[in-house]
Participant: 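Let me begin by handing over the structure; questions about it come next.
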Amino acid sequence: MRTLQGIGASEGITLGPAYIYLPQIPVCPRAQVSDTAHEERRLEAAVRRVEVALDQLKAELERELGHEEAAIFDAHRLFLSDPAFTGRARCLIVEEKINAEAAVEDVMAELRCTFEAMQDEYFRERGMDVVDVGRRLLRELMGLPHPSLQRLPHACIVVARELTPSDTARMDRKKVLGLLTARGGKTAHAAILARGLGIPAVVGAGEGALDIGQDTPLILDGTSGVVLADPDPDVAADFEERRLGLQQQRDRALAAAHSPAVSRDGRQVEVVANIGSVEEAQAVLDAGGEGVGLLRTEFLFLDRETPPSEDEQTEAYRAIARVMRQRPLVIRTLDTGGDKPLAYLTMPAEDNPFLGRRGLRLCLAEPEMFKVQLRALLRASVDGNIKIMFPMVATAGEIRAARRLLDEARQELAARGEAYGHPEIGIMVEIPAAAVAADTLAPLVDFFSLGTNDLTQYALAADRTSNLAQELADALHPAVLRLIAETIRRGHEAGIWVGVCGELAGDPVAAPILLGLDLDEFSMAPGSIPAVKETVRKWSHVEARRLAEGTLKLDSADEVRRRVAAAS
Ligand code: PEP
Ligand code: MG
């Protein structure tokens with residue numbers, strides 16, 4: 001028996017034979033050429049073919065996993081039109097008179113080095129994206145088949161040096177019991193996809209993982225990151241028992257997910273989902289979601305040359321409302337800014353885009369574009385139980401300004417003779433100022449939804465996208481919990497309902513605290529619904545309240561976790 005220690009990247013225990021996947025790296029021919037125009041044309045044609053292939057991959061993945069996971073292929077497509085990638089390859093062909101393959105290979109190597117030298121783990125992982133799209137282009141130029149995990153001989157644990165997004169997007173999911181990679185971190189796409197698919201995964205286990213022989217029996221624990229090769233029979237039996245236990249626990253939670261979440265002493269909370277595309281709506285209902293607590297509408301606005309029309313938006317909102325029937329559907333107005341620029345708006349570069357013209361601020365600065373969205377929302381809410389939510393609100397003045405535009409949008413529809421609904425209007429409480437002054441904002445709206453992802457980064461001054469500040473950006477920190485508690489209390493005093501739509505709502509550790517703080521609505525990734533509902537059912541509201549009050553007085557997120565564990 002051999003033990004390997006990697007990074008647990010996707011939870012769960014799995015047992016099965018190893019399938020060693022080490023695709024040949026294309027060895028590309030290098031040559032000096034005289035007809036550089038011909039090489040440029042070859043490159044151009046290969047780029048077009050790769051674009052078509054990427055669009056196909058994206059569509060397949062989107063159907064299965066939703067917009068966010070599939071968006072990786074948008075990034076790949078952008079590389080193809082990036083001056084630093086194909087633009088530079090074209091220059092090399094002309095300047096150095098080399099063939100297209102050699103030019104692509106050189107650019108790929110340069111860019112990979114640039115990414116891998118970066119401090120931030122997330123950016124380092126993006127080097128893999130360059131390699132993925134670069135190799136795809138090379139194979140296309142050389143007429144080579146693309147390696148794939150599409151046809152696996154039997155159920156297995158895939159062992160690879162690293163897995164590209166293309167490898168994981170097309171693999172035969174029914175046969176993949178687990179993933180083990182020698183390289184990569186938690187933010188690698190293989191890891192993200194494995195979590196989305198619920199496949200246990202261990203990454204970064206070191207080159208030793210590649211010495212495992214084909215079909216060697218493996219045990220992989222995606223929580224602790226431990227992998228056992230050729231396990232002793234009694235160890236294997238022990239793990240199999242644990243795997244079955246976890247499986248039964250998950251099956252039970254899923255079976256019960258379609259019943260409401262009611263605490264032992266009868267307090268019912270609403271459990272709904274966060275989505276970012278039309279395709280994900282059905283997954284909400286399948287997972288036991290009682291509606292949508294956050295529809296991120298950025299998917300309609302990003303990666304295009306012109307803004308979406310009123311009709312296009314209306315149709316997208318209606319399509320989701322049709323799936324939800326009369327269940328609540330909270331639609332957040334556009335939440336973008338300097339960090340996610342829109343090609344059709346001039347947005348000045350900002351040093352701190354997260355503190356700049358983002359979310360509602362941008363929409364108020366672009367009232368005509370904003371009103372198109374508001375009219376679409378008002379039209380779609382004729383048939384659905386739609387609620388409109390404004391993101392990134394800091395002041396009461398912003399809410400008043402947004403409501404004025406909403407009134408104008410209504411009047412414009414009335415003047416056109418168009419029918420419109422009367423949706424509830426709410427705000428995201430994700431800036432500490434809004435939480436602290438919640439009593440002044442509550443009379444202006446019908447609900448609050450706490451965006452704990454941003455609330456945490458702003459409260460602790462810990463950039464949510466930086467790996468260096470990851471440990472600090474913990475929504476269970478008592479300072480953040482106090483802001484949440486205060487917002488709920490002030491909201492209730494004003495007679496409005498309060499939800500959480502940040503990641504915290506889907507964390508079973510946070511569930512009893514949020515129950516104890518009297519939260520009305522929990523909105524989370526569809527996959528988290530069964531476990532959170534199960535947790536709520538285990539607690540009584542009275543006990544949860546006692547626990548919550550205690551956690552507010554602690555001084556670290558770790559202590560909060562320990563307190564919850566001790567009380568569970
Ligand atoms: C949040 O900030 O908690 C939130 C839900 O919004 P987003 O993650 O889209 O910023
Ligand atoms: Mg936010």
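By convention here, the first residue in the shown sequence is residue 1. Read the numbers this way: they start at 1 and go in the same order the structure lists the ligands and their atoms.
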Participant: Does some non-hydrogen atom of Arg464 fall short of 4.0 Å from ligand 1?
Facilitator: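 True for this residue.
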Participant: Which is closest to atom 4 (C) of ligand 1 by heavy-atom distance: Arg358, Met428, Glu298?
Facilitator: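 Nearest heavy atom to atom 4 (C) of ligand 1 lies in Met428.
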Participant: Given the rule in the side chain to side chain donor-acceptor pair (under 3.5 Å) test, do Glu503 and Thr452 qualify, once you have shown the distances and angles that lead to the verdict?
Facilitator: CA-CA 7 Å; Glu503 292 293 308; Thr452 49; over 6 Å; no
Participant: Which of the numbered atoms in ligand 1 are below 4.0 angstrom from a heavy atom of Arg332?
Facilitator: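 In order of numbering, the contacting atoms are 6 (O), 7 (P), 9 (O).
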Participant: Given that the side chain starts at C-beta and the backbone is N, CA, C, O, which of these parts of Leu294 lies under 4.0 Å from ligand 1, counting heavy atoms, or is it both or neither?
Facilitator: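 Side chain only.
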Participant: Starting from the Mg ion (ligand 2), look over the N/O/S atoms of Asp454 and name the nearest one.
Facilitator: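 For Asp454, the N, O or S atom at the smallest distance from the Mg ion (ligand 2) is OD2.
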Participant: Considering only non-hydrogen protein atoms, determine which one is nearest to atom 9 (O) of ligand 1 and report residue, atom name and distance to 0.1 Å.
Facilitator: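 Result for atom 9 (O) of ligand 1: Arg296 NE, 2.7 Å.
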Participant: Do Arg489 and Asp518 meet the salt-bridge criterion of a basic N to acidic O distance under 4.0 Å?
Facilitator: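 Here Asp518 does not pair with Arg489 in a salt bridge, since their nearest N and O are not under 4.0 Å apart.
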Participant: Which atoms of ligand 1 are found less than 4.0 Å from any heavy atom of Glu430?
Facilitator: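 Near Glu430, meaning under 4.0 Å from one of its heavy atoms, ligand 1 has 1 (C), 2 (O).
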Participant: Within this structure, what is the CZ-OG distance for the pair Arg537 and Ser259, rounded to the nearest 0.5 Å?
Facilitator: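 Separation between the atoms: 5.5 Å.
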Participant: Which atoms of ligand 1 have any heavy atom of Cys501 under 4.0 Å away?
Facilitator: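 Reading through ligand 1 atom by atom, the close ones are 5 (C).
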Participant: For the residue pair Phe390 and Phe370, does the interplanar ring angle fall in the parallel (under 30°), tilted (30 to 60°) or perpendicular (over 60°) class?
Facilitator: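 Perpendicular, since the angle between the ring planes exceeds 60°.
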Participant: Among the N, O or S atoms that Glu430 has, which is closest to the Mg ion (ligand 2)?
Facilitator: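 Result: OE1.
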Participant: In Å and rounded to the nearest 0.5 Å, what is the CG to CG distance from Leu476 to Leu504?
Facilitator: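 One finds 5.5 Å between CG of Leu476 and CG of Leu504.
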Participant: For the backbone of Gly184 and the side chain of Thr181, can you confirm whether one donor and one acceptor N or O come within less than 3.5 Å of each other?
Facilitator: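 Not a single qualifying donor-acceptor pair exists.
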Participant: Please step through side-chain contact (heavy atoms from CB on, under 4.5 Å) for the pair Glu549 and Leu547, ending with a clear verdict.
Facilitator: CA-CA 6 Å; Glu549 279 165 5; Leu547 171 79; over 6 Å; no
Participant: Using a 4.0 Å cut-off to any heavy atom of Gly502, which atoms of ligand 1 qualify?
Facilitator: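 Heavy-atom distances to Gly502 below 4.0 Å select 3 (O), 5 (C).
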